[in-house]
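What you are looking at is a predicted structure, and each value in this text was computed from that prediction instead of being measured. Note that these values count all heavy atoms, side chains included, but never hydrogens, waters or copies made by symmetry. The chains referred to below are lettered A, B, ... by the order of the sequence lines, with proteins before strands, and numbering in each begins at 1.
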2 protein chains.
Amino acid sequence: MPKQVDHEERRRRIADAVCALIDEQGLEAVSLRDVAARAEVSMGAVQRCFRSKDEMLRFALAHVGHQVTARARTRLLAAPAQSPASTVGHLAHEIALLQAHQRAQARVWLAFLAAAAVNPALADDLRGSYTDLETLLTRLIADAGDLPDPAAEARTLLALADGLTAHVLIGHRAPEEAERLLHAHLARLWQ
Amino acid sequence: MPKQVDHEERRRRIADAVCALIDEQGLEAVSLRDVAARAEVSMGAVQRCFRSKDEMLRFALAHVGHQVTARARTRLLAAPAQSPASTVGHLAHEIALLQAHQRAQARVWLAFLAAAAVNPALADDLRGSYTDLETLLTRLIADAGDLPDPAAEARTLLALADGLTAHVLIGHRAPEEAERLLHAHLARLWQ
DNA sequence: CCTGTTCCGATGCAGTCGCATCGGAAAAAC
DNA sequence: GTTTTTCCGATGCGACTGCATCGGAACAGG
């Protein structure tokens, strides 16, 4: 057995570089050369890890998806008891990516969202993440109160969170205001 | 006076070509050559109309902004009487770009939204359009019912519409379902 | 017809892109 | 030490990018 490297670790490292570049200059500015430089590996290494640029981008998308959902689950486990309604609030807050330290993830997410509108492969991956979140939200809402249609509420909440995130990203809404609107929506949900 | 051409008409023609290309392949795929070919003019003509590619894209963004707001105003004037609440419904429906014939505009809008997250100049233009829509919505909501905070309702509605549009675009939500969710939200607004 | 002005199509240029190629470094097996 | 296998850094290639340049077509005034 000759020289061996941890491929998965390297793939994650490269995915982080992709996300950093998207955060700073947008998806259009992501080139294999810049990614390699940012990840501090050679272009050859990047090409060895991913068959093509598209495959690299899809992996990076899944990477942020995992990060967001992992954070959400951690948050849920960290605050276990409390009321079911506030659990939904915590999850929505996590999904909306309104806090400053989530801004980078939000920008990456928005970039992929736009790309997915014209790239079926990306759209498939993105739909997967959305379906997961939606299922989770639906279940929590169903537990929190006896609303007539928990699934519809989950879908509305998800769309609202995404819209607010986008508005914050372009500077049309302050993060605090977006958070306020999100919680006002939830408050009305529980009457 | 020698040869003269209608510059504004040509600029609009080029903007339409830009939007068509964005609709089909995304913002990344828009090159001056392709735009010129699609608009059936030469590259030289495009360069004469716009100092740079960025200026062309910003004009195109303003162009779709005008199209959307013009449609919205037309819709409002076309159905004058009725209840103020249904007027808000009509406007929201128009803004959400859920119908098939608005799909292209929606894709263009989403592409610019993502670009604006890393391009301050585009973000400025986009904020202008959003502010206009928000002002209009706020006024209509204030007229429709005596809600405690019409401005907040307008902002929430705008974000919800944007989020639903995005979800429809990536195929995660059927247009009819999105429409249903939008109207359910409005129905709860009026109790 | 001629002149003057405005416009634009074609071409060139420097730069960047994604990707393919390949010689040699690195390390386990013998 | 030698062999064998895995890996990667460097280099090259063809295509494409936005933009600058410029000679001539197109057309109004004389």
A:Arg33 CZ to D:dT11 C1', in whole Å, measures 10 Å
Here the distance between atom P of C:dT21 and atom CZ of A:Arg48, to the nearest Å, is 13 Å
The nucleotide from C:dC17, C:dC19, D:dG18 with an atom nearest the side chain of B:Lys53 is D:dG18
Whole-Å distance, B:Glu28 CD to D:dC16 C1', equals 15 Å
When rounded to whole Å, the CD1 to P distance for the pair B:Ile14 and C:dC7 reads 14 Å
Rounded to whole Å, the CD-C1' distance (B:Glu40 to C:dC8) equals 16 Å
(message) Is it true that A:Tyr130 and A:Asp125 share a donor-acceptor pair across their side chains at a distance under 3.5 Å?
(response) no
Notebook entry, point to check: Base, sugar-phosphate, or nothing for B:Arg51, non-hydrogen atoms under 4.0 angstrom?
Noted result: nothing
Looking only at D:dG18, D:dC8, C:dC8, the nucleotide nearest the A:Arg10 side chain is D:dC8
Open item on the list: Measuring only between side-chain heavy atoms, which start at C-beta, is B:Leu136 closer than 4.5 Å to B:Thr69?
Closed with: no
From CG of B:Leu57 across to C1' of D:dG18 the rounded distance in Å is 12 Å
Ranking D:dC19, D:dT17, C:dC19 by distance to the side chain of B:Ser52, first place goes to D:dC19
Taking D:dT17, C:dC8, C:dC19 as options, the one with an atom nearest any side-chain atom of B:Ser31 is D:dT17
Between CE of B:Met56 and C1' of D:dT17 the distance, given in whole Å, is 12 Å
Scan B:Val30 against the nucleic acid and name what it touches under 4.0 Å (heavy atoms): base, sugar-phosphate only, or nothing.
-> sugar-phosphate
- Message: Check for me, please, whether B:Ile170 and A:Leu169 land in the same ILVMFWY cluster - side-chain distances under 4.5 Å, paths through other members count.
- Response: yes
Are the side chain of A:Arg13 and the backbone of A:Ala39 linked by a donor-acceptor contact shorter than 3.5 Å? yes
Separation of D:dA10 atom P from A:Gln47 atom CD, nearest Å, is 13 Å
* Parallel under 30°, tilted from 30 to 60°, perpendicular over 60°: which one fits the rings of B:His93 and B:His183? -> tilted
